[in-house]
There are 2 protein chains.
Amino acid sequence: MDYSPDLDLFARTELFQGTSPEALRFLQASAGRRRLAAGDILLQQGDRTTSLFVVIAGRLRASQMAQDGQQIIIRYIGPGEVAGYAALVGSDTHPGTVTAVDDSHLIGWTSAIVRQIMERYPIVAINALTLLGRRYHEMQIRLRELSTERVERRIGHTLLRLAHQSGRRTARGIEIAFPLSRRDLAEMVGTTLHTVSRTLSAWEERGIVSCGRCRVVLCKPHALVAIADEEEE
Amino acid sequence: MDYSPDLDLFARTELFQGTSPEALRFLQASAGRRRLAAGDILLQQGDRTTSLFVVIAGRLRASQMAQDGQQIIIRYIGPGEVAGYAALVGSDTHPGTVTAVDDSHLIGWTSAIVRQIMERYPIVAINALTLLGRRYHEMQIRLRELSTERVERRIGHTLLRLAHQSGRRTARGIEIAFPLSRRDLAEMVGTTLHTVSRTLSAWEERGIVSCGRCRVVLCKPHALVAIADEEEE
DNA sequence: CGGACTTTTGAAGTAATTCAAGGGGAGTGG
DNA sequence: CCACTCCCCTTGAATTACTTCAAAAGTCCG
């Protein structure tokens, strides 16, 4: 078994940065592994919290559903990031559903072990605070955008964010590096897939983006920035 | 100086629950006090993070502003709650502005001390995680409401939440226990003060609420629940 | 090649904003 | 105590950004 690559990765994740070699060994020893194919569900909204995961490879989507079935996408989770934060904050059920959107590889720990780790190695709890604080801040910004901005601008901001956190340089521009349908984008932005489709079509005509089935490439990111941040008068 | 009442309060706040008497003494010794009149600003968005506060008495409003001046209200903060969470998560600037909406009394610690406390008493970091996790979850729910629900329903949910966290039983019903203008409510809900005004007027006609200048009383909370949660068909 | 899903685009409808104007309450200062 | 001012609130009417409804075309996969 090739443990060392994982051990390497550990030290670089947001959650375990700065932990002692001893702590890393303990984490290593107590970890479980999990592989998911694209479309598989890691955990479901309302389920009892049993584990915390860190993404090694792949990408997942955290979403929230209302009783009436309406769904929104909270965020996408990539390598090095935490999935299933409920175990981190001591919540007994998962607030959302996490689904793999690409084949993914994760490592996980039970809630009890997570608790132990944080008590033994406070740096982990402090790291967790930092990352949760960052997520909270992102949410504030999204909430503000959703409250005050028009759809076109929100789509712009959302695409720029996605490109920033998981863009891949290509010949044609920056490609969002995972399958993202118009519906997905709509559920991130708070609109309908129709409006997203229309907006992307208009942008494609102006050469700003280039899209296909579940694919978006930002050809002129600066033009998108202009749309997203331009002064309103 | 009457230190003991504060010491009493400490142990009951969300952040310091379960801390040892020794820790409480240290907290006590290193704390600063701050009094604010209604309208005073505790800290401003973009300011360097210097301190963390816990509200002893009064109420404050955390808000976020965009470049264009558009503002939203993130949340109201009451006794026992944390204000200025940036110091908790190691962010170097404050993500929002916190303003007193009633005369308030707070205690605070510098960022350096907060860091020390968390390293020495991991329980505090774990408590911080729990409370931030709860706030994050609340944000997810608001984001979902804002994305998927109509204004009337959102106003309903918002009022119910406010009543829950700071409602005061009165003869006429549950009163939101701090000044809350139509504009404030609009900035929480993501709409205009006009729409809020119209909605409240309509509800007042049906006897569901009773409002005045910066005052809202929920006379028939169950009717509001029906509006907020009723199945759509 | 059928079938499921994604995407596009037009047309109609509407919830909510924007525009506009007036009324009222609270505090201030003469 | 009255006049003045500053908010806060209310209510109509016009406008619009976006949704909803509808239908068809494209794309992937077994």
Side-chain angles (χ1 to χ4, degrees), chain A residues 37-39 61 68-73 99 101-103 145-156 158-159 176 178-206 209-217 227 232-233, chain B residues 37-39 61 68-73 99 101-102 145-159 176 178-206 209-217 227 232-233:
Chain A
R61 177 183 58 215
D68 63 354
Q70 291 249 59
Q71 191 185 241
I72 66 155
I73 294 176
T99 315
V101 296
D102 267 335
D103 294 349
E145 286 177 9
L146 197 51
S147 295
T148 64
E149 292 178 358
R150 296 280 155 78
V151 168
E152 185 184 34
R153 190 172 284 219
R154 297 208 306 270
I155 297 175
T158 302
L159 281 181
I176 310 289
F178 56 89
L180 181 77
S181 72
R182 307 290 184 273
R183 166 177 292 274
D184 291 334
L185 202 42
E187 286 175 356
M188 289 204 79
V189 167
T191 182
T192 61
L193 71 163
H194 308 277
T195 302
V196 169
S197 175
R198 280 184 244 268
T199 305
L200 289 186
S201 295
W203 286 349
E204 190 148 29
E205 210 144 287
R206 294 168 55 190
V209 300
S210 155
C211 13
R213 188 191 175 88
C214 296
R215 287 284 148 204
V216 184
V217 180
I227 289 168
E232 193 113 28
E233 82 279 40
Chain B
R61 177 184 57 215
D68 63 354
Q70 291 249 59
Q71 192 185 241
I72 65 156
I73 294 176
T99 315
V101 296
D102 266 335
E145 286 179 9
L146 197 51
S147 296
T148 64
E149 292 178 358
R150 295 280 157 78
V151 169
E152 186 184 32
R153 188 172 286 218
R154 296 207 306 270
I155 297 174
H157 276 133
T158 302
L159 281 181
I176 311 290
F178 57 88
L180 182 76
S181 71
R182 307 291 184 271
R183 166 177 292 274
D184 292 334
L185 202 42
E187 286 175 356
M188 290 204 78
V189 167
T191 181
T192 61
L193 70 162
H194 308 278
T195 303
V196 169
S197 175
R198 280 184 244 270
T199 306
L200 289 186
S201 295
W203 285 349
E204 190 148 27
E205 209 142 288
R206 294 168 57 190
V209 299
S210 155
C211 10
R213 187 190 176 87
C214 295
R215 288 285 148 204
V216 184
V217 180
I227 288 168
E232 192 112 30
E233 82 278 39

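Dashed line: the shortest gap from a side-chain N or O of B:R182 to OP1 or OP2 of D:dC9 is under 4.0 Å. Contact check, B:S197 against D:dT10: a side-chain N or O comes under 4.0 Å of OP1 or OP2.
Side-chain atoms of A:D103 come within 3.5 Å of backbone atoms of A:A38 as a donor-acceptor pair (strictly under, hydrogens ignored).
B:C211 comes within contact range of no nucleotide atom at all, as no heavy-atom separation falls under 4.0 Å. When heavy atoms are screened at a 4.0 angstrom cut-off, A:L193 is found touching base atoms of the nucleic acid.
The footprint of chain A on DNA chain C, defined by a heavy-atom cutoff below 4.0 Å, extends from C:dC5 to C:dT18.
Partners of A:T195 by side chain to side chain donor-acceptor pair (under 3.5 Å), not counting sequence neighbours, listed by chain and number: A:T192. Take B:R198 and apply the side-chain contact (heavy atoms from CB on, under 4.5 Å) test, not counting sequence neighbours, and it matches B:H194. Among residues two or more places apart in sequence or in another chain, the side-chain contact (heavy atoms from CB on, under 4.5 Å) test is passed with A:E149 by A:E145, A:R153, A:R154, A:H157. The salt bridge (Lys or Arg N to Asp or Glu O under 4.0 Å) test applied to A:R215 returns A:E175, not counting sequence neighbours. Residues meeting the side-chain contact (heavy atoms from CB on, under 4.5 Å) test with A:R213, sequence neighbours left out: none. B:S210 is linked by a side-chain contact (heavy atoms from CB on, under 4.5 Å) to B:R172, B:E204, B:V217, B:C219, counting only residues two or more places apart in sequence or in another chain. The salt bridge (Lys or Arg N to Asp or Glu O under 4.0 Å) search around B:R182 returns none, not counting sequence neighbours. With sequence neighbours excluded, the residues that form a side chain to side chain donor-acceptor pair (under 3.5 Å) with A:S181 are A:D184.
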Dump the pairs, protein N or O against N or O of nucleotides 16-19 of chain D, anything under 3.5 Å, distances to one decimal.
from	atom 1	to	atom 2	distance (Å)
D:dC18	OP1	A:V151	N	2.6
D:dT19	OP1	A:T191	OG1	2.9
D:dT19	OP2	A:T191	OG1	2.7
D:dT19	OP2	A:T192	OG1	3.3
D:dT19	OP2	A:T195	OG1	2.4

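Fit an axis to the five pairs at each end of the helix from C:dC1-D:dG30 to C:dG30-D:dC1 and the two axes sit 40° apart, to the nearest 10 degrees.
Atom CZ of A:R215 and atom P of D:dT27 are 15 Å apart (whole Å). Rounded to a whole Å, the CD atom of B:E187 is 12 Å from the P atom of D:dC9. Taking atom CG of B:L180 as the reference point, atom C1' of D:dC9 lies 13 Å away to the nearest angstrom.
Looking only at side-chain heavy atoms (C-beta outward), A:I155 and A:I227 stay at 4.5 Å or farther from each other.
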